[in-house]
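One structure below.
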Amino acid sequence: MSALTVTLPDGSQRSLPEGSTAGDLAAEIGPGLAKAAVIAIVDDKEIDLDVPLADGADVSLVTASDELGLHTIRHSTAHLMAQAILDLHPGARFAIGPPIEHGFYYDFDLPDGKTLNDEDLEAIEARMHELVAADQPFERYEISVPEALDLFKDEPYKMEIIEAVTSGAANSDDAGELSGDTVSYYRNSDTFLDMCTGPHVPSTGRLGHFKLQRVAGAYWRGDEKRPQLQRIYGTAWSSKKELKQHLVRLEEAAKRDHRRLAQELDLVSWPTELGPGLAVWHPKGAIIRKIMEDYSRQRHEEGGYDFAYSPHIAKSVLWETSGHLDFYADGMYPPMEMDGASYYPKPMNCPFHVLIFKSGQRSYRELPKKIFELGTVYRYELSGAVHGLMRSRGFTQDDSHVFATREQIADELSSLLDFMLGVLRDFGFTEFEAKLSTRPEEKSVGDDEIWDSATAGLQAALEAHGLDYVVDEGGGAFYGPKIDVDVRDAIGRAWQLSTIQLDFNLPERFELEYVAPDGERKRPVMIHRALMGSIERFFGVLIEHYAGNFPAWLAPVQARILPVAEAHEDYARGVADRLRAAGFRIEVDAANDPLGKRVRNGKVQKIPYVLVVGDDDMANDTVGVNARGVKDVERDVTVDAFTERLAADVAAKS
RNA sequence: GCUCCCUUAGCUCAGUCGGUAGAGCGUCUCCAUGGUAAGGAGAAGGUCGACAGUUCAAUUCUGUCAGGGAGCUCCA
């Protein structure tokens, strides 16, 4: 009997009978692996477990605990869902159904424009579980392109994918289904097959730990002008336990939702009378904002910035000169007509700062000139894009514009990055990722030399600060390259906050000049720069990052003092006055509630310190300290010692 | 803006197969004076998002609008 020999990842070799598959190999090694294996990697290619192995192949078995295995499970689950949809809604036509982080989706169309709702989702999920029980094999077939065009002739989206790829758009993401001139597809049953490059799990019985999450609309190929398909998102895992853990994580993330915490902690609200995307700041939110803004002003003052203020509206001529009415009109609020002129609410602060620069003749000795403003802007965000504080229609930027000579750019960028990271670190962020966006392919303004030197300056600044970054080739705006900085929050989500954007355009449009040492007039370069970006959004991110547990320097109430009984109320108020005199934000809760209840209320409000004072404390000038997040209560802490402790917390911004 | 879903007391939600409504928390009052995550009792509080339509009757069914959520698109 002939045999074949394969090499495993550890270098060991196994002999198997002729015709053996990767699945046979797994079974040969052990029943546990046979059960766990999902696909195999043979000579660096991902394949199904039922493909016969060639003699001398390098074989590695991929299990569900590998990232790649999980990816396969999600991909196969997308197929499973498509089959269930087709069973329940004959005539459905499918577009694409890829695995994504934590799950998968599938885009499709139903006959007669039928749309699905949450109940349909339950039915589809139930049908999927039946198909899992049926344990259908995933069978792979390869056919020629003409055969594929015939097989999928009733599937317009699949046809389009085949045609797009065969007509030469070979770099397309869709190329996966096609290798050379063949198309592969998988058949699960007599009634369901799907074009797909695979690989897949051996059979549907290997799936089952999934949950369909939501149905949404999605444009075909992401293009607003093309038909909108239905998309079902689901999550899928290799075990029931993992699925459950994921669902618990989602619940925990939902508990941090800044819109929910804004309500629970009485920070901000969105009265419908104001309109979408417009918030009012309640006292507890407003005090945090004041601290953020005070901090920002102080840092800018130390950083050598000049302060500025500008009005909320300006005549159309300003926006014509700046170009905003040409390329940003859709994002602007409509104008108010007055005295024969059109006044637009400002979507940006830059033109005002440009006018301040332009208000007199500038010498090279004044550069770099750095103008800073907490400037409130209004932008017409699409109604579907508005989202709590994260995406508002009115918001305040910590905006500054640096006017510099070409020669100063590199140094200035480096110091800006320094400044930015210092601010972000003070707000508790420790992980950063940057993106460098370079000159776009299409038309752009500015000569090659300035693009090259500015881009090199940005890159040098990133490297000097040891920041991880990716380059988005051609991703810059037409008027200059930029750096965007993302932070990771406490649960690992990335938020884009800060931007440093070069601008070669506005100085041209406004004909900005400075007098150089040789007496010649030269054009400065402008740098737009926001650190928090939008104060609103930054606050939203902080709420979620800290889950409402603001560090003492930001907490609206730093300590709440609870007298044990009425007899201790005067003492409590005395301690509160002393702490307030030391500069802290203090409340006294002498409400008609039992102590346990009042402690709970303080905890629910996420106050850093709940202080309890009773007979012992009155006698000894002490407080009982119940710190947030700490189980044990500390008794007999002197008021002085507590004052020092709180001061240290505030100073450490922790 | 597009697709789907949602809107009932200050908040979180029940409920009415069409006959105008309930709970918990919160608020107020009273009792309880309590040493560390919910003491007890009572009261007030709702044009059931708005406007039309169907109906003897609409909070409930239908439509339009407004607001909100998820996703898509967008974020120069």
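No hydrogens, no waters, no symmetry mates; every other heavy atom, side chains included, goes into these values. Since we're looking at a predicted model, the values are computed, not measured. Just so we're on the same page: letters track the sequence lines, and every chain starts at 1.
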Of A/Trp220, A/Tyr106, A/Phe94, which meets ring-ring contact (aromatic ring centres under 6.0 Å, His included) against A/Tyr157?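 Exactly one pass, corresponding to A/Trp220.
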
Nearest 0.5 Å, please: how far is CZ in A/Phe539 from OG in A/Ser534?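 If we round to the nearest 0.5 Å, A/Ser534:OG and A/Phe539:CZ are 11.5 Å apart.
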
How far, in whole Å, is B/G49 from B/G10 if one measures between their P atoms?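 It comes out at 12 Å once rounded to the nearest Å.
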
Would [X] and [Y] count as a close aromatic pair, with their ring centres under 6.0 Å?
X	Y	result
A/Trp237	A/Phe210	no
A/His545	A/Phe429	yes
A/Tyr378	A/Phe395	no

What nucleotide, of [options], holds the atom closest to the side chain of [X]?
X	options	value
A/Tyr219	B/G35, B/G34, B/C72	B/C72
A/Arg231	B/C72, B/U33, B/A37	B/C72
A/His387	B/G35, B/U36, B/A70	B/A70

Contacts under 3.5 Å, N or O only, protein and nucleotides 3-6 of chain B:
| unit_1 | atom_1 | unit_2 | atom_2 | d |
| --- | --- | --- | --- | --- |
| B/U3 | O4' | A/Gln228 | OE1 | 2.8 |
| B/U3 | O2 | A/Gly217 | N | 3.2 |
| B/C4 | OP1 | A/Thr115 | OG1 | 3.0 |

Does A/Leu531 offer a backbone N or O that forms a donor-acceptor pair with the side chain of A/Asp398 under 3.5 Å?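 It does hold such a pair.
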
Under a 4.0 Å N-O cut-off, is there an ion pair linking A/Glu587 with A/Arg560?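 Yes, charged N to carboxylate O under 4.0 Å.
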
Charged N to carboxylate O below 4.0 Å: is that the case for A/Arg93 and A/Glu155?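 Salt bridge absent between A/Arg93 and A/Glu155.
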
Expressed in angstrom and rounded to an integer, what is the separation of A/Leu611 atom CG from B/U36 atom P?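 Result: 15 Å.
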
Using whole Å, report how far CG of A/Asn592 lies from P of B/G34.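 After rounding, the gap between these two atoms is 13 Å.
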
Going by distance alone, is a donor N or O of one side chain under 3.5 Å from an acceptor N or O of the other, for A/Thr499 and A/His528?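 Side-chain D/A pair, A/Thr499 to A/His528: absent.
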
Base, sugar-phosphate alone, or nothing: which one does A/Tyr233 contact when heavy atoms must sit under 4.0 Å apart?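 Contact class for A/Tyr233: sugar-phosphate only.
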
Pick base, sugar-phosphate or nothing for A/Gly222, based on heavy-atom distances below 4.0 Å to the nucleic acid.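 Counting heavy atoms under 4.0 Å across all strands, the contact made by A/Gly222 is with sugar-phosphate only.
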
Ignoring hydrogens and angles, does a donor from either the side chain of A/Tyr380 or the base of B/G1 sit under 3.5 Å from an acceptor on the other?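 No pair found.
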
Is any side-chain N or O of A/Thr272 closer than 4.0 Å to OP1 or OP2 of B/A66?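 Checking B/A66 against A/Thr272, no side-chain N or O comes under 4.0 Å of OP1 or OP2.
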
Under 6.0 Å from the ring centre and within 45 degrees of the ring axis: does the NZ or CZ of A/Lys315 meet both conditions for the six-membered ring of A/Tyr344?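 Pair A/Lys315/A/Tyr344 does not count as cation-pi.
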
Heavy atoms only: give me the nearest A/Asp330-A/Tyr380 pair and the separation to one decimal.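 Nearest pair, atom of A/Asp330 first, then A/Tyr380: O-CD2, 3.8 Å.
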
Protein-nucleic acid N or O pairs under 3.5 Å, nucleotides 25-29 of chain B:
| unit_1 | atom_1 | unit_2 | atom_2 | d |
| --- | --- | --- | --- | --- |
| B/G26 | OP1 | A/Lys597 | NZ | 2.7 |

Contact list for RNA chain B against residues 525-552 of chain A - heavy-atom distance below 4.0 Å: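 Nucleic-acid contacts, sorted: none.
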
